[in-house]
Amino acid sequence: ARKKGIIKPTSLPLIFGTAAGGIALPVIVAASLAMPKRYESSQIDWNRVASIPVQDKGRIKPLDTVARHLLKTFAEPIFGMTPTIKDKEGNKYSPSQWFLSVLAGKPWTVDAEIFRVYNQSAKNFLELDPSREDSRYSYREIIPKMEDLSLEIQEIRKRPSEEWSFRDQKLVDVYGKINLYFGISQSYRDPMPAFAADNLNSTEDLQAFAEAFRRARFQAQELQQGNPPALIPPPGEATKENLASAKWQAYGPAIMDQRIEVISKGDDFEENEAVNTLAEILAKYQVDDVLETNKAIKKHVRLLEDMPLAATQMSGSAAEAWLNRFSPIVQGVALYIFAITLGLIGLLLRNNTAIRMTTSWMIVGVLVIHSIAIIARIYISGKAPVVNLYSASIFIGWVTVVVSLVMEYIYKIGIANLVGALIGACTLSVAGFLDTNDTMAVLQAVLDTQSWLSTHVVTVTAGYGVTYLAGFLG
């Protein structure tokens, strides 16, 4: 049956049977996660909410991605997993639900335990419950000590950062997280207090109004300088220059800019309707009017589709929101581990042909999911498959699995299956641990051009994959 390490082709029934058995599990898992969740008419369409484009940290991304990154920043989860969000009653919320609730000022959000504080000295300073197993605390629990924390941070920052103790570093981290949360939540409030027009008759009333307006304008400028996640695109055509320089805004700064433009331009003022549609979403959601919230969401999305600078981002934003839900990294790790287990069973049974071939086909199925992760990222970012350490980990694993399947096809002994699946699981696990911030960001290359990233960097990274495989086989 053997000739120079190569085995003759197996019968077609065995090939088809093992292919069906091996690919079945990856197909079932992938299909279940690829399909969008269906919402009843009595529920908010969170799929649509998750896909709303937001400008954050230099690029346009879906609201769901912004929410996940914030939660990872606050909760510091292991393996890049998005933490589960619960209110005081134990009700669970998705990242998009939590983020929209923060923007709308939902009361439950201040009690959601999203801030992780590990250091015992930091817990003692903030007077937090030291017995909590997950070390996660709410905004309401931390904020009473915020004034003392602010004074402590001022003292810490008088010293060079090299002299900071571990406690000092953790207190600075907590302070930064709380300020980030507060800044985002305030960016979606109207900084201008309400004044009744019929009460502005006296000089004192007009002076009070002018002072309130000045303070609101200053607050809006400060919030804008903090670069909060911005949901309101500016008007204008989608030229290359505008796409590169367009500055989106949060609601607070946007509404104040509109008021200033009304004063300065008068009849020539052109209103940005996205400010009003977003305000309507937040207002209806804040009072739990599901029907009107869905109407406002649809209205806002349709408006964005008609705004050139937002319309060009809609498909990529929707694709990234889908990729978040699809979770190819988590799928890949779990299925590669299942393939390793199946492959080991085949070796224990003296290289059982049926089990070995089923393992190979299962790895093929997982490789398709692995490939979707790469292809989707190329489509979303418009960049080469390798732009940072996260994408390099995914690509190295993909190359290794492809080469190991070729080796298994030639040398049918089951070892290449095991090694390929093992490296696939390891590299995707590394990617999972690296998933703590924006994984689409491009690292500065030596020659930062599209052709350089698409040729030299990809070729070198593929070489790393082959080297990994040789090392594991050795």
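Small disclaimer: the values here were computed from a predicted structure and weren't measured.
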salt_bridge([X], [Y]) N-O dist < 4.0 Å:
X: Arg38; Y: Asp45; value: no
X: Lys284; Y: Glu280; value: no
X: Asp173; Y: Lys177; value: no
X: Lys57; Y: Asp438; value: no
X: Glu152; Y: Arg167; value: yes
X: Glu141; Y: Arg132; value: yes

Determine the minimum heavy-atom distance between [X] and [Y], stating which atoms define it.
X: His69; Y: Asn437; answer: NE2-O, 3.3 Å
X: Arg325; Y: Leu33; answer: NE-O, 3.8 Å
X: Leu323; Y: Ile380; answer: CD2-CD1, 4.0 Å
X: Ala30; Y: Ile369; answer: CB-CD1, 3.9 Å
X: Ile153; Y: Tyr175; answer: CG1-CG, 3.6 Å
X: Ser391; Y: Arg377; answer: CB-NH2, 3.7 Å

Is there side-chain contact between [X] and [Y], with at least one heavy-atom pair below 4.5 Å?
X: Ile372; Y: Pro328; answer: no
X: Arg157; Y: Val172; answer: yes
X: Phe209; Y: Gln207; answer: no
X: Arg136; Y: Phe115; answer: no
X: Pro385; Y: Trp398; answer: no
X: Met440; Y: Tyr390; answer: no
X: Trp108; Y: Ser101; answer: yes
X: Ile394; Y: Ile374; answer: yes

Show your reasoning for whether side chain to side chain contact (heavy atoms under 4.5 Å, CB included) applies to Trp46 and Leu100. CA-CA 10 Å; Trp46 290 109; Leu100 191 64; 3.7 Å; yes
Check the side chains of [Y] and [X] for a donor-acceptor pair under 3.5 angstrom, ignoring hydrogens and angles.
X: Lys247; Y: Asn227; value: yes
X: Lys123; Y: Ser135; value: yes
X: Ser138; Y: Asp111; value: no
X: Glu320; Y: Ser317; value: no
X: Asn242; Y: Thr239; value: yes
X: Asn324; Y: Thr65; value: yes
X: Asn119; Y: Gln169; value: no
X: Ser185; Y: Tyr139; value: no

Candidate pair Met256 and Phe213, rule side chain to side chain contact (heavy atoms under 4.5 Å, CB included), full reasoning: CA-CA 9 Å; Met256 284 305 301; Phe213 192 90; 4.0 Å; yes
Residue [X] excluded, over 12 heavy atoms near [atom1] under 6.0 Å:
X: Phe218; atom1: CZ; answer: no
X: Phe338; atom1: CZ; answer: no
X: Glu211; atom1: CD; answer: yes
X: Glu147; atom1: CD; answer: no

Glu305: side chain to side chain donor-acceptor pair (under 3.5 Å) partners, not counting sequence neighbours: none
Hey, could you give me each pair passing ring pair (Phe, Tyr, Trp, His ring centres under 6.0 Å) that has a residue in residues 291-326? Not counting sequence neighbours. Trp322-Phe326
Given the rule in the side chain to side chain contact (heavy atoms under 4.5 Å, CB included) test, do Ile423 and Val401 qualify, once you have shown the distances and angles that lead to the verdict? CA-CA 8 Å; Ile423 297 178; Val401 174; over 6 Å; no
Look at the rings of Trp98 and Tyr181 and say which category their plane angle falls in: under 30° parallel, 30 to 60° tilted, over 60° perpendicular. tilted
For the residue pair Lys106 and Tyr285, would you count it as a cation-pi contact if the rule is NZ or CZ under 6.0 angstrom from the ring centre and within 45 degrees of the ring axis? yes
Say whether, by atom type as modelled, one donor and one acceptor occur between the side chain of [X] and the main chain of [Y] under 3.5 angstrom.
X: Thr400; Y: Gly465; result: yes
X: Gln313; Y: Ala310; result: no
X: Lys72; Y: Pro77; result: no

Among Ile184, Ile52, Val54, exactly one meets side-chain contact (heavy atoms from CB on, under 4.5 Å) together with Val66. Which residue is that? Val54
Chi angles and distances behind the salt bridge (Lys or Arg N to Asp or Glu O under 4.0 Å) call for Asp168, Arg159: CA-CA 11 Å; Asp168 295 340; Arg159 306 191 303 271; 2.5 Å; yes
Hey, mind stepping through Glu127 and Lys145 against salt bridge (Lys or Arg N to Asp or Glu O under 4.0 Å) and telling me if it holds? CA-CA 8 Å; Glu127 298 181 1; Lys145 294 290 291 183; 3.6 Å; yes
Do Arg259 and Asp190 pass the side chain to side chain contact (heavy atoms under 4.5 Å, CB included) test, and can you show the C-alpha distance, the side-chain angles, and the key distance before you say yes or no? CA-CA 11 Å; Arg259 288 169 179 149; Asp190 189 341; 2.5 Å; yes
